[in-house]
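These notes concern the structure reproduced below.
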Amino acid sequence: MRVVQCGKGNQRSPGLSEPLLAWLESQLSSRIVVGAVRSLHDGESPWWIDLMAPDGSTFSAVLRFPSSRISPDQIATNAAALTVAEKHGLSAPRLLAADLDGRVAETSASLETVVPGTSTWPAAPSTELLLAAGAAIAQVHTVILDPQPQLPLRPRPIAVDDFAHDRRVGRMPTTALLQLADEQIQAIKAPDLPGVFVHGDVWPGNTVVADGRVRALIDWKTAGVGNPGVDLGELRKQVAIFYDDAAPRHVLQGWERASGTRADNLPYWDAVAALNTPTESYGPHAARRRDDFLRAAIAQLRQH
């Protein structure tokens, strides 16, 4: 079996160690050829693997292992989440293999299927797609789950980060709006956290879209157990930044139609999602939309 880096000819990919490559090959049929290996993130994990069957047909898989952005625990969380997703028939990649303790690959590693489609959303908002995205995360929240080591309690989206705390302790600059919003959230008792499955990082780049619908959610490395608002607030924030003030409403409508229930404590989760963003990481246009979204959430909180 040969491993070829895309565009480099017959050579081993410099991003993958020999033990990792050997483990990858051991997970495949001896008659399957690895045709190309290419990074999906600036020369780091995850890696796209092109494969060829004996009949000449081709297919692909995604190989994950730790990088500067991804910890071994996150590899394990992604693998555990894909296992839950498959058990409950959720739209997600399927886990093909994992060596989480690195016994063979000498690093935490997993291999998963590729869902056909694109993660690029249209430049103009599509009501149908926004509704479909809300419905997709509602399906995730139908799964009742207890916290476990690889799928812990998630009190906010992308819970490995806590930018609000970083601002509180002076590790990051703040603004009057972010400080005011954080103080108001800190003064509120957090809503109950029912034990449902949450993706943890729902944004357009972690969806696979085809024919105007969401075919799958991908990149489950911050998944866990929590309140549906963790995902709902994050996606609403993301589309508010990407599109306009009307987009979050369509996400909510899609979620409520699919779940058959009304979303609770939405202003709280909107604010939590907006606060868990770096203060200065956005350009002026995106920062303004983030702040507008946060102001709306805080104004609604004051009315309750």
Side-chain angles (χ1 to χ4, degrees), residues 90-91 118-142 154 156-158 177-178 180-181 184-185 188 190-194 196-217 226-277 282-304:
L90 300 178
S91 298
T118 179
S119 292
T120 301
W121 283 28
S126 162
T127 298
E128 292 73 18
L129 181 55
L130 292 164
L131 291 169
I137 58 176
Q139 290 303 308
V140 176
H141 302 152
T142 63
R154 302 299 194 186
R156 60 186 173 274
I158 321 174
L177 172 63
L178 290 169
L180 175 65
Q184 187 156 349
I185 289 296
I188 298 171
D192 292 337
L193 295 172
V196 303
F197 193 30
V198 295
H199 178 278
D201 186 11
V202 187
W203 70 292
N206 281 342
T207 66
V208 177
V209 176
D211 300 323
R213 65 187 184 91
V214 177
R215 291 180 56 89
L217 298 178
N227 189 291
V230 169
D231 287 338
L232 193 51
E234 178 65 11
L235 184 55
R236 281 169 49 82
K237 177 201 74 180
Q238 292 285 349
V239 299
I241 292 172
F242 193 68
Y243 291 126
D244 54 35
D245 294 342
R249 182 176 71 252
H250 297 310
V251 168
L252 175 61
Q253 289 172 344
W255 187 91
E256 291 186 335
R257 288 178 187 175
S259 65
T261 187
R262 291 184 61 84
D264 293 328
N265 303 298
L266 196 57
Y268 174 90
W269 293 111
D270 285 353
V272 167
L275 285 167
N276 201 30
T277 57
Y282 296 114
H285 183 64
R288 177 182 61 78
R289 286 188 170 176
R290 187 268 316 268
D291 289 350
D292 288 347
F293 180 76
L294 179 57
R295 286 190 188 94
I298 294 302
Q300 292 177 62
L301 278 172
R302 287 173 172 168
Q303 295 173 8
H304 294 287

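Hydrogens, waters and symmetry mates play no part in the numbers below; they use all other heavy atoms, side chains included.
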Heavy atoms, side chains only, cut-off 4.5 Å: are [X] and [Y] in contact?
X	Y	answer
Val198	Val140	no
Ser126	Tyr243	no
Pro191	Trp269	yes

With sequence neighbours left out, write down each residue that passes side chain to side chain donor-acceptor pair (under 3.5 Å) with [X], or none if nothing qualifies.
X	answer
Thr277	Arg290
Glu234	Lys237, Gln238
Gln253	His250

Any chance you could measure [X], atom [atom1], to [Y], atom [atom2], to the nearest 0.5 Å?
X	Y	atom1	atom2	answer
Leu130	Leu235	CG	CG	8.0 Å
His199	Ile137	NE2	CD1	10.0 Å
Arg262	Leu252	CZ	CG	7.5 Å
Glu256	Leu266	CD	CG	8.0 Å

Taken in chain and number order and not counting sequence neighbours, the residues that satisfy salt bridge (charged side-chain N to carboxylate O under 4.0 Å, His left out) with Arg288 are Asp292

Exercise. With sequence neighbours left out, what residues match Phe197 under ring pair (Phe, Tyr, Trp, His ring centres under 6.0 Å)?
Worked result: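 For Phe197 the ring pair (Phe, Tyr, Trp, His ring centres under 6.0 Å) partners, ignoring immediate neighbours, are Trp220.
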
Side chain to side chain contact (heavy atoms under 4.5 Å, CB included) with [X]: which residues, sequence neighbours excluded?
X	value
Ala135	Ala258
Gln184	Ile188, Ile298, Leu301, Arg302
Ala190	Tyr268
Ala132	Val214

Please report the closest heavy-atom contact between [X] and [Y], naming both atoms and the distance.
X	Y	result
Asp231	Gly200	OD1-N, 2.8 Å
Phe293	Ala274	CD2-CB, 4.2 Å
Val272	Pro157	CG1-CD, 4.2 Å
Trp255	Pro228	CZ2-CB, 3.8 Å

Solution key, residues 205-212 side-chain donor-acceptor pairs under 3.5 Å, sequence neighbours excluded:
unit_1 : atom_1 : unit_2 : atom_2 : d
Asn206 : ND2    : Asp201 : O      : 2.8
Asn206 : ND2    : Asp201 : OD2    : 3.3
Thr207 : OG1    : Trp121 : NE1    : 2.8
Thr207 : OG1    : Pro204 : O      : 2.7

Q. Does atom CG of Asp245 have more than 12 heavy-atom neighbours, drawn from other residues, nucleotides or ligands, at distances under 6.0 Å?
A.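 Counting other residues, nucleotides and ligands, CG of Asp245 stays at 12 neighbours or fewer.
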
Quiz item: Which residue pairs pass the salt bridge (Lys or Arg N to Asp or Glu O under 4.0 Å) test with at least one member in residues 264-274, sequence neighbours excluded?
Solution: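 The answer is Arg236-Asp270.
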
